[in-house]
There are 2 protein chains.
Amino acid sequence: MRSYGQYCAVAKALDAIGDRWTLLIVRELAVRGTCRYTDLRNGLPGIATNLLADRLRDLEDKGIVRREAAPPPIATTVFQLTDRGEELRPILHALGRWGASLMFEPADGEAFRGHWFSLPAELFLADHEPDAQPITIELRTGEQPMLIETADGEVHARPGTAEHADAVITGTPQLVLGVLTAKLGLTEARDLGLRYDGAPEALRRIQPRAAGVD
Amino acid sequence: MRSYGQYCAVAKALDAIGDRWTLLIVRELAVRGTCRYTDLRNGLPGIATNLLADRLRDLEDKGIVRREAAPPPIATTVFQLTDRGEELRPILHALGRWGASLMFEPADGEAFRGHWFSLPAELFLADHEPDAQPITIELRTGEQPMLIETADGEVHARPGTAEHADAVITGTPQLVLGVLTAKLGLTEARDLGLRYDGAPEALRRIQPRAAGVD
DNA sequence: CGGCATCCTCTTTGATACTG
DNA sequence: CAGTATCAAAGAGGATGCCG
């Protein structure tokens, strides 16, 4: 992209990461950690493959992404954020907070990936009983299942399934996100097609308490 | 811009404000408050006028900007951020912090506007003696002069000149920003062409103390 | 299969000129 | 002042091909 040519920190940041798709690539690397090219493509539905290659080169040149030959057992290259790239997290967080209120509009036909739950989990969920036994909630949204786990007062999400989850939530991403962030009541969500198996206490333990997701 | 079509808060935020120039328009309205079309054009060197008009329409449609006929004495329309638009400030701040480290590279031939100092003033400067008499520093960078003022422990910048400034700093934007953020020592900056008139204590009172601008 | 490069079309931009 | 109109150039999107 052509530079804005302005001596302003915001303009300079946008010169570096304002290109279309760029911040979404950073999002993928931020929430998933080390990724192969194919992982990135899968996590970025809609991107043209040549564009992904272009952007990765740009990001590498700018010191935001590091490309590495994966350790011996695997014969592939992997991509990960550099320290400078990790410093972009506050930007992703600010965007995620602002964008959160757009998540409860229709949104039909949109692509979804389970690991995208990592962002709202970090931003909006917290363990209100950090000293109690940790809990696990499994999310099933039609995509790859995700686990929500408590640790050190925080809530994290990672791909996987649990043998003894404290709760299992099944439904569309909107409904699951709605109940997680307490934007939607559990009974209301059930009427809309959500399935919740387990103790409601598990959910209440991590839901945002104050102003909610906005 | 075409939507990313992803059910993710970051993608949705970028759908709304990821267009080229959009966040810079928001920056202008955020640091200057109410603006006329011409003010925006002046604060956005390089933008094509049709693009500015397009973006303003988009932003209005999205509820980020409000367009108003100015009160009677003035015969013009003015633009300002809505509440939803004000909520974009954390994004600008995150971008500004990340972009700050790009401000000390060559950067020749870049456009500059004095009011852009408002952002770094808010982000990096603080009054370390909030109970003492407020101070004023005048910045002269070849553009419109700016005043740096202390109030309630914070530091703000606004266009203007002062009769009795505690210090007057004259030089290129890089040099002025360098000494303000303590990235550059005063004597070093003087060797590079900066002029500082007044008490060095004024500068030290507001400079970042800890890790600096990075 | 993973990791691109090419080709082509379509959309967005940038620059400039013009208007109520 | 506050835009619209026009047009060339750049960039994005989509399909496909290549190569270890």
Side-chain angles (χ1 to χ4, degrees), chain A residues 1-6 11 14-25 28-29 32 34-62 65-80 109-111, chain B residues 1-6 11 14-25 28-29 32 34-62 65-80 109-111:
Chain A
M1 189 180 47
R2 94 132 60 165
S3 163
Y4 287 110
Q6 299 185 359
L14 291 174
D15 279 346
I17 52 150
D19 268 329
R20 186 158 167 78
W21 289 107
T22 298
L23 272 176
L24 294 186
I25 294 171
E28 284 302 303
L29 293 168
R32 303 220 293 190
T34 302
C35 286
R36 292 170 302 172
Y37 188 87
T38 318
D39 300 327
L40 290 172
R41 246 182 28 179
N42 181 268
L44 294 163
I47 197 171
T49 172
N50 56 350
L51 212 41
L52 176 55
D54 280 0
R55 293 290 185 267
L56 285 170
R57 251 190 308 273
D58 286 356
L59 287 168
E60 218 186 329
D61 292 346
K62 284 171 178 141
V65 162
R66 184 175 34 239
R67 175 194 310 253
E68 269 178 17
I74 314 133
T76 184
T77 44
V78 294
F79 300 88
Q80 53 191 299
E110 298 207 304
Chain B
M1 189 179 47
R2 99 134 55 164
S3 164
Y4 287 109
Q6 300 185 357
L14 291 174
D15 278 346
I17 52 151
D19 269 329
R20 188 159 165 77
W21 289 106
T22 298
L23 272 175
L24 293 186
I25 294 171
E28 284 302 301
L29 292 168
R32 303 219 295 191
T34 302
C35 287
R36 294 169 302 172
Y37 188 86
T38 319
D39 299 327
L40 289 172
R41 247 183 25 179
N42 181 267
L44 294 162
I47 197 171
T49 173
N50 56 350
L51 212 41
L52 177 55
D54 280 359
R55 293 291 185 266
L56 285 170
R57 251 189 309 273
D58 286 355
L59 287 168
E60 218 186 329
D61 293 344
K62 286 174 177 135
V65 162
R66 183 173 35 238
R67 175 194 310 252
E68 269 178 15
I74 315 134
T76 184
T77 45
V78 293
F79 300 87
Q80 53 192 298
E110 299 207 304

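Here is how names work: the chains are called A, B, and so on, in the same order as the sequence lines, proteins then strands, and each is numbered from 1.
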### Query
Separation of A:Asp19 atom CG from C:dT13 atom P, in whole Å?
12 Å
### Message
Rounded to whole Å, how long is the line connecting atom CG of B:Asp54 with atom P of D:dA5?
### Response
11 Å
### Query
Taking the side chain of A:Trp21 as heavy atoms from C-beta outward, which of D:dG13, D:dA12, D:dT4 is closest to it?
D:dG13
### Query
What is the distance, rounded to the nearest whole Å, between atom CD1 of B:Ile47 and atom P of C:dG14?
8 Å
### Task
Using only side-chain N and O atoms of A:Arg20, determine if any of them is under 4.0 Å from OP1 or OP2 of D:dA10.
no
### Task
Give a yes/no on whether any side-chain N or O of A:Thr77 is located under 4.0 angstrom from OP1 or OP2 of C:dG3.
yes
### Message
Donor-acceptor check, side chain of A:Asp39 to backbone of A:Arg36, threshold 3.5 angstrom: yes or no?
### Response
yes
### Message
Without decimals, in angstroms, what is the distance between A:Ile25 CD1 and C:dC4 P?
### Response
12 Å
## Note on the structure
Between CG of A:Leu52 and C1' of D:dG14 the distance, given in whole Å, is 15 Å
### Task
State whether the distance check finds a donor on one side and an acceptor on the other, under 3.5 Å, for side chain B:Thr49 versus base D:dG3.
yes
### Task
Would you tell me if any nitrogen or oxygen in the side chain of B:Arg55 comes within less than 4.0 Å of OP1 or OP2 on C:dT13?
yes
### Message
At 4.0 Å (heavy atoms only), tell me whether B:Ala48 reaches a base, stays on the sugar-phosphate, or touches nothing.
### Response
base
### Query
Roughly, in whole Å, what's the span from CE in B:Met1 to C1' in C:dT11?
12 Å
#### Entry: Side-chain N,O (A:Arg2) to OP1/OP2 (C:dT12) below 4.0 Å
no
### Query
Parallel, tilted or perpendicular: which describes the rings of B:Tyr4 and A:Trp21, with under 30° parallel and over 60° perpendicular?
perpendicular
#### Entry: Backbone of B:Arg20 reached by a side-chain donor or acceptor of B:Arg55 within 3.5 Å
yes
### Message
If the condition is salt bridge (Lys or Arg N to Asp or Glu O under 4.0 Å), which residues does A:Arg32 pass it with, not counting sequence neighbours?
### Response
A:Glu28
## Note on the structure
Against the side chain of B:Thr38, the closest entry in C:dC4, D:dG14, D:dC1 is D:dC1
### Task
Between A:Tyr4 and A:Arg41, just flag the one whose closest nucleotide in DNA chain C comes earlier from the 5' side.
A:Arg41
### Task
Test for a donor-acceptor pair under 3.5 Å between the base of C:dT13 and the side chain of B:Asn50, counting only N and O atoms.
no
### Query
Given C:dG3, is OP1 or OP2 found less than 4.0 Å from the side-chain N or O atoms of A:Arg57?
no
#### Entry: Backbone N/O of B:Thr49 and side chain of B:Tyr37: donor-acceptor pair under 3.5 Å
yes
### Message
Just the rounded figure in Å: distance from P of C:dT13 to CG of A:Asp15.
### Response
15 Å
### Task
Could you tell me the separation between the CG atom of B:Leu40 and the C1' atom of D:dC1, rounded to a whole number of Å?
13 Å
